[in-house]
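The structure appears right after this line, and notes come after that.
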There are 2 protein chains.
Amino acid sequence: MRKKKISASLEDYLETIYEIIEEKQGVKAIEISRRLKVGRSSVTEALKNLAEKKLVNYGRYDVISLTPAGERAAREIQFKHQVLYDFLVNILGVNEDEAQNNACRLEHVISENVLKRLILFIEFNKNFHCADHNYLEEFKKFYSEKEE
Amino acid sequence: MRKKKISASLEDYLETIYEIIEEKQGVKAIEISRRLKVGRSSVTEALKNLAEKKLVNYGRYDVISLTPAGERAAREIQFKHQVLYDFLVNILGVNEDEAQNNACRLEHVISENVLKRLILFIEFNKNFHCADHNYLEEFKKFYSEKEE
DNA sequence: ATTAAATGTACGGCAAGCCTAACACTTTGT
DNA sequence: ACAAAGTGTTAGGCTTGCCGTACATTTAAT
């Protein structure tokens with residue numbers, strides 16, 4: 001009974017709900033609507049859908065919350081996002097906005113195994129020094145030479 | 001008049017057509033159907049759609065080919081795929097099948113700029129040696145230690 | 001407490017993409 | 001050349017996910 005896939009769109013809803021919970025006390029549908037830039041009615045639909053899948057607790061006009069399974073799923077997605085963002089910013093040196101944008105899309109399609117390797121790669125890079133050269137510094141230099 | 005975005009689905013069709021052209025003389029719709037694992041009728045629809053966008057030359061029961069714009073677009077997608085595959089296999093050390101799978105999905109969502117950086121990162125890595133350590137070798141060692 | 005504003009929902013619609021089944025055209029084998 | 005098999009097309013249907021509008025409910029202001 002593990003890991004039923006949900007659509008990228010539903011992942012976004014879950015992730016957003018989770019983020020709002022982290023920041024505020026209650027989750028209002030309109031807040032989800034604003035963050036995802038979709039209509040209020042789309043949020044209602046999505047919530048019903050997520051409720052069917054037992055990922056959110058939902059009832060008409062009622063408080064929105066994540067079920068344990070929903071929270072687990074949301075955390076996973078958020079974690080993927082964070083790893084990707086970290087890679088893009090701290091390794092590739094992409095600017096923050098673009099890194100966010102890319103992470104938002106990549107998080108829905110990257111496999112578990114690639115994620116795992118990416119995590120280790122990041123860890124490895126942060127500590128890798130060799131004969132007083134910092135690897136990432138070297139890459140930045142290399143990159144900015146190629147820029148011109 | 002540059003770079004109108006098309007859907008991930010249409011990108012797959014374009015890419016597949018391009019691949020078939022590289023391998024065989026003529027493109028048959030059924031071949032596209034087989035490779036993309038969709039029904040024959042879905043191919044017809046997609047071809048009409050791509051023809052509307054002036055990316056393929058299409059007429060009922062007629063030979064399928066790419067327009068110059070279509071070929072350009074297909075090349076771009078294939079190139080992205082190749083870069084991602086290269087990164088996954090040669091840098092992260094992901095196995096070939098999984099790298100193909102991931103590349104197929106990532107190619108539709110990665111931005112131009114991230115791609116550009118990835119290309120340079122790969123280039124940089126291939127040549128980066130330092131005090132007789134090969135960087136990628138070091139990562140492989142690091143990775144396999146963590147594996148256990 | 002009452003009303004105005006804000007928020008949530010239901011309903012009907014639309015587009016993308018996929019499907020199956022039936023039919024049209026082409027190719028192939030004899 | 002002609003039937004059978006293969007391929008391409010059309011028509012109709014389904015699902016996901018979005019929208020706008022109108023209505024229901026809740027919240028906030030007075």
Side-chain angles (χ1 to χ4, degrees), chain A residues 4-17 19-21 23-66 70 73-74 77 104-105 107-109, chain B residues 4-17 19-21 23-66 70 73-74 77 104-105 107-109:
Chain A
K4 2 181 187 188
K5 280 169 229 156
I6 63 176
S7 70
S9 163
L10 289 187
E11 285 188 354
D12 281 333
Y13 282 101
L14 268 189
E15 193 181 10
T16 301
I17 293 166
E19 282 166 12
I20 296 172
I21 288 174
E23 292 171 30
K24 314 204 173 180
Q25 55 298 23
V27 181
K28 296 230 154 211
I30 201 169
E31 181 72 19
I32 301 170
S33 156
R34 278 194 272 263
R35 297 199 188 197
L36 289 177
K37 299 186 203 309
V38 296
R40 287 168 299 160
S41 56
S42 304
V43 176
T44 305
E45 283 177 64
L47 290 174
K48 281 183 189 165
N49 200 335
L50 288 168
E52 262 173 33
K53 299 183 164 59
K54 312 281 186 208
L55 296 170
V56 304
N57 303 116
Y58 168 77
R60 290 177 52 146
Y61 297 102
D62 202 0
V63 176
I64 299 162
S65 61
L66 293 171
I77 299 156
C104 282
R105 296 189 304 269
E107 68 193 8
H108 304 299
V109 300
Chain B
K4 356 176 192 190
K5 282 170 229 157
I6 64 176
S7 70
S9 162
L10 290 187
E11 284 189 353
D12 281 333
Y13 282 100
L14 269 189
E15 193 180 9
T16 301
I17 293 167
E19 281 166 13
I20 296 171
I21 288 174
E23 292 172 28
K24 313 201 173 186
Q25 56 298 24
V27 181
K28 295 230 154 206
I30 202 169
E31 181 72 20
I32 301 170
S33 157
R34 277 194 272 263
R35 298 200 187 197
L36 289 178
K37 299 184 202 313
V38 297
R40 304 193 306 278
S41 58
S42 303
V43 176
T44 305
E45 283 176 63
L47 290 175
K48 280 182 190 167
N49 200 333
L50 288 169
E52 262 172 34
K53 298 182 164 60
K54 311 282 185 207
L55 296 170
V56 304
N57 303 117
Y58 167 77
R60 290 177 53 145
Y61 297 100
D62 202 359
V63 176
I64 299 161
S65 61
L66 293 170
I77 299 156
C104 282
R105 297 188 304 269
E107 68 193 9
H108 304 299
V109 299

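The chains referred to below are lettered A, B, ... by the order of the sequence lines, with proteins before strands, and numbering in each begins at 1. Atoms considered below: every heavy atom in the structure, side chains included; atoms not considered: hydrogens, waters and symmetry mates.
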#### Entry: Gap between atom CD1 of I6(A) and atom CD of E11(A) - 0.5 Å precision
5.0 Å

### Query
Rounded to the nearest 0.5 Å, what separation is found between the CG atom of L66(B) and the CG atom of L14(B)?
6.5 Å

### Message
Using heavy-atom distances to pick each residue's nearest nucleotide on DNA chain D, tell me which of R60(A) and S42(A) is more 5'.
### Response
S42(A)

### Task
Grab the two heavy atoms, one from R40(B) and one from S33(B), that are nearest each other, plus how far apart they are.
N-OG, 3.9 Å

### Task
Just call it for S7(A): base, sugar-phosphate, or nothing, with non-hydrogen atoms closer than 4.0 Å on any strand.
sugar-phosphate

Which nucleotide, [options], lies nearest any side-chain atom of [X]?
| X | options | value |
| --- | --- | --- |
| S9(B) | dG8(D), dT7(C), dC18(C) | dC18(C) |
| A29(A) | dG8(C), dG17(D), dA24(C) | dG8(C) |
| R40(B) | dA22(D), dC18(D), dG8(D) | dG8(D) |

Starting from [atom2] on [N], measure out to [atom1] on [X] and report it in whole angstrom.
| X | N | atom1 | atom2 | result |
| --- | --- | --- | --- | --- |
| D12(B) | dA16(C) | CG | C1' | 14 Å |
| I32(A) | dA6(C) | CD1 | C1' | 16 Å |
| L47(A) | dA10(C) | CG | C1' | 15 Å |
| N49(B) | dA16(C) | CG | P | 7 Å |
| L10(B) | dA16(C) | CG | P | 9 Å |
| E31(A) | dA6(C) | CD | C1' | 14 Å |
| D62(B) | dC25(C) | CG | C1' | 13 Å |
| K5(A) | dT15(D) | NZ | P | 20 Å |

Ignoring hydrogens and angles, answer whether the base of [N] and the side-chain atoms of [X] contain a donor-acceptor pair closer than 3.5 Å.
| X | N | value |
| --- | --- | --- |
| T44(B) | dT10(D) | no |
| S41(A) | dG20(D) | yes |
| E45(A) | dC19(D) | yes |

### Query
Is E31(A) salt-bridged to R35(A), cutoff N-O under 4.0 Å?
yes

### Query
With side chains defined as the heavy atoms from C-beta onward, is the minimum distance between I17(A) and L47(A) less than 4.5 Å?
yes

Counting only side-chain nitrogens and oxygens, does [X] get under 4.0 Å of the OP1 or OP2 atom of [N]?
| X | N | value |
| --- | --- | --- |
| Y61(B) | dT10(D) | no |
| K48(B) | dT10(D) | yes |
| S33(A) | dT7(C) | no |

